[in-house]
Amino acid sequence: ASEAFLRQQKAAPNLRKLVYGSVVEADDSDDEEQELGGLFRVSRPQNSKKSQANGVDSSRFDPDTSHNWDLEEMLNSIRDCFVTGKWEEDQD
Amino acid sequence: MASHGLAYDGCNFFRQRLVLSTLSGKRVKIKNIRSKDDNPGLRDFEASLIRLLDKVTNGSRIEINQTGTVLFYQPGLLFGGSVEHDCNLQRSVGYYLEALLMLAPFMKTSLKATLRGVTNDPTDPTVDMLKSTALPLMKKFGIDGEGFDLKVVKRGMAPGGGGEVVFTCPVRRTIRPVQLTDPAKIKRIRGVAYSVRVSPQMANRIVESARGVLNQFIPDIYIYTDHMKGANSGKSPGFGLTLVAETLNGSFLSAEMSSMPQGQGDPMLPEDLGRNCAKLLLEEVHRGGCVDSSNQSLALLLMTLGQQDVSKVLLGPLSPYTIEFLRHIRDFFQLMFKIEVQKPSEDERKGGDKVLMTCVGVGYSNINKTIK
(Lines give C-alpha, C1' and ligand atoms only; values in the text may rest on other atoms or scores of the structure.)
Protein backbone atom coordinates (compact mmCIF):
# COMPACT_ATOMS: atom_id res chain seq x y z
CA ALA A 1 0.00 0.00 0.00
CA SER A 2 2.83 2.38 0.83
CA GLU A 3 4.36 1.64 -2.56
CA ALA A 4 1.11 2.60 -4.25
CA PHE A 5 1.03 5.78 -2.26
CA LEU A 6 4.57 6.68 -3.28
CA ARG A 7 3.79 5.99 -6.91
CA GLN A 8 0.81 8.25 -6.67
CA GLN A 9 2.91 10.94 -5.07
CA LYS A 10 5.27 10.75 -7.99
CA ALA A 11 2.52 11.09 -10.56
CA ALA A 12 0.76 13.97 -8.89
CA PRO A 13 3.44 16.68 -9.01
CA ASN A 14 3.91 16.03 -12.71
CA LEU A 15 0.54 17.41 -13.59
CA ARG A 16 0.97 20.15 -11.05
CA LYS A 17 4.24 21.10 -12.65
CA LEU A 18 2.61 21.03 -16.04
CA VAL A 19 -0.02 23.47 -14.93
CA TYR A 20 1.89 25.77 -12.64
CA GLY A 21 5.49 25.32 -13.71
CA SER A 22 5.61 25.54 -17.44
CA VAL A 23 5.05 29.27 -17.59
CA VAL A 24 8.57 29.83 -16.38
CA GLU A 25 9.98 27.33 -18.84
CA ALA A 26 8.22 28.96 -21.75
CA ASP A 27 9.85 32.29 -20.94
CA ASP A 28 13.40 30.98 -21.23
CA SER A 29 13.48 30.34 -24.95
CA ASP A 30 12.44 33.84 -25.82
CA ASP A 31 15.56 35.82 -26.65
CA GLU A 32 16.75 34.26 -29.85
CA GLU A 33 16.61 37.23 -32.14
CA GLN A 34 19.42 37.01 -34.64
CA GLU A 35 21.08 40.04 -36.15
CA LEU A 36 21.74 40.28 -39.86
CA GLY A 37 24.64 42.54 -40.79
CA GLY A 38 24.22 44.41 -37.54
CA LEU A 39 21.33 46.36 -38.93
CA PHE A 40 18.29 44.23 -39.42
CA ARG A 41 16.89 41.93 -36.91
CA VAL A 42 15.08 38.84 -37.97
CA SER A 43 11.70 38.94 -36.42
CA ARG A 44 10.63 35.38 -36.69
CA PRO A 45 7.16 34.43 -35.65
CA GLN A 46 9.12 31.66 -33.95
CA ASN A 47 7.91 30.09 -30.81
CA SER A 48 4.44 28.81 -30.34
CA LYS A 49 4.08 30.94 -27.25
CA LYS A 50 3.61 34.10 -29.25
CA SER A 51 0.96 32.64 -31.45
CA GLN A 52 -0.70 31.23 -28.41
CA ALA A 53 -0.71 34.63 -26.76
CA ASN A 54 -2.78 36.01 -29.60
CA GLY A 55 -4.85 32.92 -30.25
CA VAL A 56 -8.58 32.56 -30.35
CA ASP A 57 -10.11 33.05 -26.93
CA SER A 58 -12.57 30.19 -26.73
CA SER A 59 -13.37 27.71 -24.03
CA ARG A 60 -14.28 25.08 -26.60
CA PHE A 61 -12.01 22.05 -26.22
CA ASP A 62 -11.49 20.61 -29.67
CA PRO A 63 -11.26 16.86 -29.42
CA ASP A 64 -8.20 15.08 -30.67
CA THR A 65 -9.00 12.96 -33.66
CA SER A 66 -7.18 9.92 -32.37
CA HIS A 67 -10.38 8.26 -31.30
CA ASN A 68 -12.37 6.59 -33.98
CA TRP A 69 -15.88 6.20 -32.73
CA ASP A 70 -16.83 3.81 -35.49
CA LEU A 71 -14.80 1.04 -33.89
CA GLU A 72 -16.50 -1.43 -31.62
CA GLU A 73 -13.67 -1.35 -29.04
CA MET A 74 -13.96 2.42 -28.63
CA LEU A 75 -17.66 2.05 -28.07
CA ASN A 76 -16.99 -0.69 -25.56
CA SER A 77 -14.53 1.47 -23.63
CA ILE A 78 -17.30 3.73 -22.36
CA ARG A 79 -20.13 1.26 -22.11
CA ASP A 80 -20.14 1.25 -18.30
CA CYS A 81 -20.72 4.99 -18.18
CA PHE A 82 -24.36 4.33 -18.99
CA VAL A 83 -27.06 2.86 -16.79
CA THR A 84 -27.33 0.04 -19.28
CA GLY A 85 -23.75 -1.01 -18.56
CA LYS A 86 -22.35 -3.18 -15.80
CA TRP A 87 -22.95 -2.00 -12.26
CA GLU A 88 -20.59 -2.15 -9.32
CA GLU A 89 -21.33 -4.66 -6.58
CA ASP A 90 -22.31 -2.12 -3.95
CA GLN A 91 -24.79 -0.07 -5.91
CA ASP A 92 -27.59 -1.82 -7.66
CA MET B 1 4.52 46.41 -11.93
CA ALA B 2 3.16 47.07 -8.48
CA SER B 3 1.47 50.28 -9.47
CA HIS B 4 -0.19 48.64 -12.41
CA GLY B 5 -1.32 45.44 -10.74
CA LEU B 6 -0.90 42.42 -12.96
CA ALA B 7 0.53 42.58 -16.45
CA TYR B 8 -0.03 40.19 -19.33
CA ASP B 9 0.93 39.83 -22.96
CA GLY B 10 -1.33 39.10 -25.88
CA CYS B 11 -5.03 39.01 -26.46
CA ASN B 12 -5.65 35.37 -25.69
CA PHE B 13 -7.58 34.57 -22.49
CA PHE B 14 -8.78 38.14 -22.54
CA ARG B 15 -12.06 37.27 -20.84
CA GLN B 16 -10.44 35.30 -18.02
CA ARG B 17 -8.20 38.21 -17.17
CA LEU B 18 -10.93 40.79 -17.16
CA VAL B 19 -13.36 38.62 -15.22
CA LEU B 20 -10.82 37.61 -12.57
CA SER B 21 -9.65 41.19 -12.32
CA THR B 22 -13.20 42.35 -11.72
CA LEU B 23 -13.82 39.71 -9.06
CA SER B 24 -10.54 40.17 -7.24
CA GLY B 25 -10.44 43.94 -7.58
CA LYS B 26 -6.90 43.82 -8.94
CA ARG B 27 -5.92 46.09 -11.75
CA VAL B 28 -4.72 44.48 -14.90
CA LYS B 29 -2.66 45.66 -17.83
CA ILE B 30 -2.57 43.75 -21.08
CA LYS B 31 0.17 44.61 -23.53
CA ASN B 32 1.13 43.57 -27.05
CA ILE B 33 -2.37 42.83 -28.18
CA ARG B 34 -1.82 41.54 -31.71
CA SER B 35 1.15 43.90 -31.94
CA LYS B 36 2.77 41.95 -34.79
CA ASP B 37 -0.45 41.50 -36.66
CA ASP B 38 -1.27 43.30 -39.91
CA ASN B 39 -4.33 44.58 -38.17
CA PRO B 40 -3.07 45.34 -34.68
CA GLY B 41 -5.00 46.04 -31.55
CA LEU B 42 -8.27 45.03 -30.04
CA ARG B 43 -10.96 43.60 -32.25
CA ASP B 44 -14.50 44.86 -32.24
CA PHE B 45 -15.80 41.90 -30.27
CA GLU B 46 -13.30 42.53 -27.48
CA ALA B 47 -14.26 46.18 -27.40
CA SER B 48 -17.86 45.03 -27.19
CA LEU B 49 -17.02 42.84 -24.19
CA ILE B 50 -15.35 45.78 -22.47
CA ARG B 51 -18.46 47.85 -23.09
CA LEU B 52 -20.59 45.10 -21.56
CA LEU B 53 -18.34 44.99 -18.49
CA ASP B 54 -18.63 48.74 -18.25
CA LYS B 55 -22.42 48.40 -18.22
CA VAL B 56 -22.57 45.92 -15.34
CA THR B 57 -19.98 47.67 -13.19
CA ASN B 58 -19.83 51.04 -11.55
CA GLY B 59 -16.71 53.14 -11.65
CA SER B 60 -14.49 50.97 -13.81
CA ARG B 61 -11.61 52.73 -15.46
CA ILE B 62 -10.52 51.54 -18.85
CA GLU B 63 -7.67 52.99 -20.81
CA ILE B 64 -6.68 51.88 -24.26
CA ASN B 65 -3.80 53.34 -26.22
CA GLN B 66 -4.24 54.75 -29.68
CA THR B 67 -3.50 51.61 -31.64
CA GLY B 68 -5.40 49.44 -29.21
CA THR B 69 -2.44 47.23 -28.37
CA VAL B 70 -2.32 48.15 -24.69
CA LEU B 71 -5.25 47.93 -22.33
CA PHE B 72 -5.39 49.04 -18.74
CA TYR B 73 -8.37 47.99 -16.67
CA GLN B 74 -9.19 49.07 -13.17
CA PRO B 75 -12.30 47.26 -12.03
CA GLY B 76 -15.15 49.02 -10.32
CA LEU B 77 -17.98 47.57 -8.27
CA LEU B 78 -20.27 45.02 -9.81
CA PHE B 79 -23.63 46.68 -9.98
CA GLY B 80 -25.85 44.46 -12.10
CA GLY B 81 -29.45 45.44 -12.62
CA SER B 82 -31.12 45.56 -15.97
CA VAL B 83 -28.69 45.55 -18.85
CA GLU B 84 -29.18 45.50 -22.58
CA HIS B 85 -26.32 44.85 -24.91
CA ASP B 86 -25.88 44.44 -28.62
CA CYS B 87 -23.09 41.90 -28.88
CA ASN B 88 -20.67 42.18 -31.73
CA LEU B 89 -21.42 39.69 -34.46
CA GLN B 90 -17.83 38.42 -34.78
CA ARG B 91 -18.40 36.20 -31.76
CA SER B 92 -21.56 34.60 -30.53
CA VAL B 93 -23.52 35.54 -27.44
CA GLY B 94 -21.92 32.54 -25.71
CA TYR B 95 -18.63 34.41 -25.60
CA TYR B 96 -20.17 37.27 -23.64
CA LEU B 97 -22.42 35.02 -21.64
CA GLU B 98 -19.56 32.92 -20.32
CA ALA B 99 -18.08 36.06 -18.80
CA LEU B 100 -21.43 37.13 -17.41
CA LEU B 101 -22.08 33.71 -15.86
CA MET B 102 -18.91 34.10 -13.84
CA LEU B 103 -19.77 37.58 -12.66
CA ALA B 104 -23.55 37.45 -12.23
CA PRO B 105 -23.77 35.87 -8.72
CA PHE B 106 -21.55 38.59 -7.29
CA MET B 107 -23.49 41.66 -8.33
CA LYS B 108 -25.09 44.25 -6.06
CA THR B 109 -28.54 43.74 -7.51
CA SER B 110 -29.72 40.71 -9.42
CA LEU B 111 -28.84 40.80 -13.05
CA LYS B 112 -31.24 40.83 -15.95
CA ALA B 113 -29.24 40.92 -19.13
CA THR B 114 -30.71 41.07 -22.60
CA LEU B 115 -28.08 40.15 -25.14
CA ARG B 116 -28.60 40.46 -28.86
CA GLY B 117 -26.47 38.98 -31.58
CA VAL B 118 -25.43 35.58 -32.84
CA THR B 119 -26.83 32.87 -30.59
CA ASN B 120 -25.28 29.85 -32.30
CA ASP B 121 -21.94 29.59 -34.06
CA PRO B 122 -19.23 26.95 -34.29
CA THR B 123 -16.54 28.79 -32.26
CA ASP B 124 -18.14 29.39 -28.90
CA PRO B 125 -20.39 27.34 -26.66
CA THR B 126 -23.87 28.12 -27.84
CA VAL B 127 -26.64 29.51 -25.72
CA ASP B 128 -28.41 26.13 -25.68
CA MET B 129 -25.34 24.40 -24.32
CA LEU B 130 -24.79 26.96 -21.56
CA LYS B 131 -28.44 26.72 -20.64
CA SER B 132 -28.33 22.96 -20.30
CA THR B 133 -24.94 22.55 -18.60
CA ALA B 134 -23.67 25.75 -16.99
CA LEU B 135 -26.91 26.58 -15.20
CA PRO B 136 -27.33 23.17 -13.50
CA LEU B 137 -23.66 23.34 -12.54
CA MET B 138 -24.10 26.71 -10.87
CA LYS B 139 -27.14 25.36 -9.02
CA LYS B 140 -24.87 22.83 -7.33
CA PHE B 141 -22.88 25.71 -5.89
CA GLY B 142 -26.01 27.16 -4.31
CA ILE B 143 -26.83 29.66 -7.00
CA ASP B 144 -30.46 28.99 -7.76
CA GLY B 145 -33.92 30.02 -6.82
CA GLU B 146 -36.43 32.08 -8.65
CA GLY B 147 -35.20 34.14 -11.50
CA PHE B 148 -32.26 31.98 -12.42
CA ASP B 149 -32.93 31.49 -16.06
CA LEU B 150 -31.58 31.73 -19.55
CA LYS B 151 -34.13 32.14 -22.27
CA VAL B 152 -33.64 32.09 -26.01
CA VAL B 153 -36.20 34.57 -27.28
CA LYS B 154 -34.94 34.73 -30.84
CA ARG B 155 -32.40 32.59 -32.55
CA GLY B 156 -29.76 34.17 -34.75
CA MET B 157 -27.14 32.25 -36.67
CA ALA B 158 -23.77 33.58 -37.79
CA PRO B 159 -22.94 35.76 -39.66
CA GLY B 160 -26.14 37.83 -39.67
CA GLY B 161 -27.18 37.36 -36.07
CA GLY B 162 -30.46 38.87 -35.00
CA GLY B 163 -30.94 36.57 -32.02
CA GLU B 164 -31.94 37.60 -28.54
CA VAL B 165 -31.26 35.99 -25.18
CA VAL B 166 -32.45 36.95 -21.73
CA PHE B 167 -30.31 35.90 -18.78
CA THR B 168 -31.47 36.48 -15.23
CA CYS B 169 -29.49 35.55 -12.14
CA PRO B 170 -30.02 36.16 -8.45
CA VAL B 171 -27.17 37.38 -6.25
CA ARG B 172 -25.46 35.35 -3.55
CA ARG B 173 -23.34 36.49 -0.66
CA THR B 174 -21.30 33.33 -0.41
CA ILE B 175 -20.79 30.26 -2.53
CA ARG B 176 -21.30 26.78 -1.16
CA PRO B 177 -18.37 24.36 -1.36
CA VAL B 178 -19.11 21.17 -3.28
CA GLN B 179 -17.99 17.57 -3.40
CA LEU B 180 -18.49 16.28 -6.92
CA THR B 181 -16.37 13.18 -7.00
CA ASP B 182 -18.70 10.58 -8.41
CA PRO B 183 -20.17 11.28 -11.83
CA ALA B 184 -22.44 8.18 -11.65
CA LYS B 185 -23.98 6.64 -14.69
CA ILE B 186 -25.71 8.34 -17.54
CA LYS B 187 -29.44 7.85 -17.35
CA ARG B 188 -30.68 9.79 -20.31
CA ILE B 189 -29.71 11.89 -23.26
CA ARG B 190 -31.57 14.99 -24.23
CA GLY B 191 -30.95 17.43 -27.00
CA VAL B 192 -32.15 20.26 -29.13
CA ALA B 193 -31.94 20.22 -32.90
CA TYR B 194 -32.57 23.68 -34.20
CA SER B 195 -33.04 25.05 -37.65
CA VAL B 196 -33.74 28.56 -38.82
CA ARG B 197 -34.44 29.82 -42.30
CA VAL B 198 -34.01 26.37 -43.76
CA SER B 199 -36.50 23.58 -44.24
CA PRO B 200 -37.89 22.35 -40.89
CA GLN B 201 -37.15 18.87 -42.17
CA MET B 202 -33.43 19.53 -41.53
CA ALA B 203 -33.89 19.22 -37.77
CA ASN B 204 -35.63 15.87 -38.20
CA ARG B 205 -32.81 14.58 -40.36
CA ILE B 206 -30.27 15.60 -37.70
CA VAL B 207 -32.25 13.85 -34.97
CA GLU B 208 -32.56 10.66 -36.99
CA SER B 209 -28.82 10.25 -37.57
CA ALA B 210 -27.78 11.28 -34.04
CA ARG B 211 -30.14 8.70 -32.56
CA GLY B 212 -28.65 6.07 -34.82
CA VAL B 213 -25.29 6.43 -33.07
CA LEU B 214 -26.50 6.88 -29.51
CA ASN B 215 -29.17 4.20 -29.47
CA GLN B 216 -26.53 1.49 -29.07
CA PHE B 217 -25.91 2.77 -25.56
CA ILE B 218 -29.16 3.86 -24.09
CA PRO B 219 -32.79 3.85 -25.14
CA ASP B 220 -33.80 6.97 -23.24
CA ILE B 221 -33.03 9.60 -25.85
CA TYR B 222 -35.19 12.53 -26.67
CA ILE B 223 -34.09 15.26 -29.02
CA TYR B 224 -36.40 18.19 -29.38
CA THR B 225 -36.72 19.89 -32.70
CA ASP B 226 -36.82 23.63 -32.51
CA HIS B 227 -37.73 25.43 -35.69
CA MET B 228 -38.09 29.15 -35.31
CA LYS B 229 -39.91 31.18 -37.89
CA GLY B 230 -40.42 34.74 -38.98
CA ALA B 231 -39.08 37.47 -36.72
CA ASN B 232 -37.69 34.90 -34.27
CA SER B 233 -35.39 33.29 -36.76
CA GLY B 234 -32.72 35.94 -37.09
CA LYS B 235 -31.02 37.02 -40.25
CA SER B 236 -29.02 34.03 -41.48
CA PRO B 237 -29.90 30.45 -42.28
CA GLY B 238 -28.39 27.57 -40.38
CA PHE B 239 -28.99 24.52 -38.25
CA GLY B 240 -27.29 22.61 -35.49
CA LEU B 241 -27.56 20.19 -32.62
CA THR B 242 -26.85 20.28 -28.90
CA LEU B 243 -26.73 16.98 -27.02
CA VAL B 244 -26.71 16.63 -23.25
CA ALA B 245 -26.13 13.45 -21.27
CA GLU B 246 -27.54 13.55 -17.75
CA THR B 247 -26.23 11.25 -15.03
CA LEU B 248 -27.97 9.83 -11.99
CA ASN B 249 -26.18 12.40 -9.80
CA GLY B 250 -27.36 15.29 -11.91
CA SER B 251 -24.10 15.98 -13.72
CA PHE B 252 -24.33 17.06 -17.31
CA LEU B 253 -22.01 16.33 -20.20
CA SER B 254 -22.67 17.97 -23.48
CA ALA B 255 -21.52 18.25 -27.04
CA GLU B 256 -22.69 20.35 -29.89
CA MET B 257 -22.21 21.25 -33.46
CA SER B 258 -23.51 24.01 -35.68
CA SER B 259 -23.52 24.38 -39.40
CA MET B 260 -20.84 26.64 -40.82
CA PRO B 261 -21.92 30.25 -41.29
CA GLN B 262 -23.36 30.99 -44.69
CA GLY B 263 -20.63 31.57 -47.25
CA GLN B 264 -17.81 30.12 -45.13
CA GLY B 265 -16.40 26.65 -45.27
CA ASP B 266 -17.92 23.58 -46.85
CA PRO B 267 -21.60 23.02 -46.50
CA MET B 268 -22.52 20.08 -44.32
CA LEU B 269 -25.27 17.57 -44.63
CA PRO B 270 -27.57 17.48 -41.61
CA GLU B 271 -27.06 13.71 -41.41
CA ASP B 272 -23.29 14.15 -41.08
CA LEU B 273 -23.75 16.88 -38.52
CA GLY B 274 -25.99 14.69 -36.39
CA ARG B 275 -23.64 11.73 -36.55
CA ASN B 276 -20.52 13.79 -35.83
CA CYS B 277 -22.18 15.56 -32.96
CA ALA B 278 -23.20 12.22 -31.45
CA LYS B 279 -19.58 11.10 -31.72
CA LEU B 280 -18.48 14.30 -30.01
CA LEU B 281 -20.80 13.40 -27.16
CA LEU B 282 -19.21 9.95 -26.94
CA GLU B 283 -15.83 11.67 -26.83
CA GLU B 284 -17.08 13.85 -24.01
CA VAL B 285 -18.36 10.77 -22.16
CA HIS B 286 -14.96 9.16 -22.68
CA ARG B 287 -13.33 12.18 -21.06
CA GLY B 288 -15.95 12.01 -18.37
CA GLY B 289 -15.91 13.70 -15.01
CA CYS B 290 -18.67 15.60 -13.26
CA VAL B 291 -18.27 18.71 -15.37
CA ASP B 292 -17.92 18.81 -19.13
CA SER B 293 -14.92 20.30 -20.83
CA SER B 294 -16.35 23.70 -21.68
CA ASN B 295 -17.50 24.39 -18.13
CA GLN B 296 -14.33 23.32 -16.33
CA SER B 297 -13.19 26.86 -15.73
CA LEU B 298 -16.58 27.96 -14.39
CA ALA B 299 -16.55 25.10 -11.89
CA LEU B 300 -12.99 25.88 -10.82
CA LEU B 301 -13.82 29.55 -10.36
CA LEU B 302 -16.80 28.78 -8.14
CA MET B 303 -14.64 26.37 -6.14
CA THR B 304 -12.05 29.09 -5.67
CA LEU B 305 -14.60 31.60 -4.50
CA GLY B 306 -16.29 29.18 -2.11
CA GLN B 307 -16.31 29.47 1.66
CA GLN B 308 -13.21 28.36 3.50
CA ASP B 309 -13.85 24.69 3.18
CA VAL B 310 -12.66 21.88 0.99
CA SER B 311 -14.16 21.53 -2.46
CA LYS B 312 -13.55 18.55 -4.69
CA VAL B 313 -14.50 18.14 -8.31
CA LEU B 314 -13.69 15.32 -10.66
CA LEU B 315 -12.91 16.50 -14.18
CA GLY B 316 -11.94 14.95 -17.44
CA PRO B 317 -8.60 15.89 -19.02
CA LEU B 318 -7.93 19.59 -18.53
CA SER B 319 -8.40 21.69 -21.62
CA PRO B 320 -5.70 24.24 -22.56
CA TYR B 321 -8.13 27.00 -21.71
CA THR B 322 -8.62 25.54 -18.23
CA ILE B 323 -4.90 25.15 -17.64
CA GLU B 324 -4.41 28.81 -18.42
CA PHE B 325 -7.34 29.60 -16.18
CA LEU B 326 -5.66 27.77 -13.28
CA ARG B 327 -2.56 29.91 -13.78
CA HIS B 328 -4.66 33.02 -13.75
CA ILE B 329 -6.41 31.93 -10.56
CA ARG B 330 -3.00 31.58 -8.99
CA ASP B 331 -2.09 35.09 -10.11
CA PHE B 332 -5.28 36.74 -8.95
CA PHE B 333 -6.25 34.74 -5.87
CA GLN B 334 -2.95 33.08 -4.85
CA LEU B 335 -4.66 29.74 -4.85
CA MET B 336 -3.23 26.53 -6.20
CA PHE B 337 -5.28 23.43 -6.69
CA LYS B 338 -4.30 19.97 -5.68
CA ILE B 339 -4.36 17.96 -8.87
CA GLU B 340 -4.56 14.18 -8.74
CA VAL B 341 -4.80 11.84 -11.68
CA GLN B 342 -7.24 8.97 -11.36
CA LYS B 343 -6.54 6.14 -13.70
CA PRO B 344 -9.39 3.79 -14.42
CA SER B 345 -8.83 0.21 -13.32
CA GLU B 346 -8.31 -2.52 -15.89
CA ASP B 347 -11.73 -4.09 -16.05
CA GLU B 348 -13.67 -0.85 -15.89
CA ARG B 349 -15.09 0.44 -19.10
CA LYS B 350 -15.46 4.07 -18.15
CA GLY B 351 -13.31 5.97 -20.60
CA GLY B 352 -10.01 7.75 -20.05
CA ASP B 353 -8.06 9.23 -17.18
CA LYS B 354 -9.79 11.60 -14.83
CA VAL B 355 -8.42 14.47 -12.80
CA LEU B 356 -9.49 15.17 -9.25
CA MET B 357 -9.20 18.85 -8.39
CA THR B 358 -9.15 19.80 -4.72
CA CYS B 359 -8.92 23.21 -3.14
CA VAL B 360 -9.89 25.21 -0.11
CA GLY B 361 -12.00 28.18 -1.09
CA VAL B 362 -10.66 31.65 -0.45
CA GLY B 363 -13.79 32.57 1.50
CA TYR B 364 -14.88 35.17 -0.97
CA SER B 365 -17.94 37.08 0.04
CA ASN B 366 -19.93 39.36 -2.13
CA ILE B 367 -19.17 42.83 -0.83
CA ASN B 368 -21.36 44.39 -3.48
CA LYS B 369 -24.59 42.85 -2.24
CA THR B 370 -26.78 45.05 -0.08
CA ILE B 371 -27.70 43.49 3.25
CA LYS B 372 -31.36 43.76 4.02
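Quantities reported herein were computed from a predicted structural model and do not represent experimental measurements.
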Q) Are the aromatic ring centres of B:Phe333 and B:His328 under 6.0 angstrom apart? A)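 They do not qualify: ring centres at least 6.0 Å apart.
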Q: Could you tell me how the ring of B:Phe13 sits relative to the ring of B:Tyr321: parallel (under 30°), tilted (30 to 60°) or perpendicular (over 60°)?
A: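 Ring orientation of B:Phe13 relative to B:Tyr321: tilted.
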Can you tell me which portion of [X] sits under 4.5 Å from chain A's heavy atoms? Options are side chain, backbone, both or neither.
X	answer
B:Ser294	both
B:Tyr95	side chain
B:Phe337	both
B:Pro219	side chain
B:Ile189	side chain
B:Gln216	both

Q: Mind checking side-chain hydrogen bond (donor to acceptor under 3.5 Å, both in side chains) for B:Glu98 and listing every partner two or more places apart, or none if nothing turns up?
A: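 By the side-chain hydrogen bond (donor to acceptor under 3.5 Å, both in side chains) rule, B:Glu98 matches A:Ser59, B:Arg15.
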Chain A: which of [options] shares the most heavy-atom pairs with it under 4.5 Å?
options	result
B:Thr247, B:Ile186, B:Ile33	B:Ile186
B:Leu326, B:Leu282, B:Leu248	B:Leu282
B:His286, B:Glu284, B:Lys187, B:Glu256	B:His286
B:Thr322, B:Asp124, B:Ile218, B:Val355	B:Asp124

**Q.** Partners meeting side-chain contact (heavy atoms from CB on, under 4.5 Å) with B:Asn39 (sequence neighbours left out)
**A.** B:Asp37, B:Arg43
Do side-chain atoms of [X] reach the backbone of [Y] as a donor and acceptor pair under 3.5 angstrom?
X	Y	result
B:Arg188	B:Asp220	no
B:Lys185	A:Asp80	yes
B:Glu46	B:Phe14	no

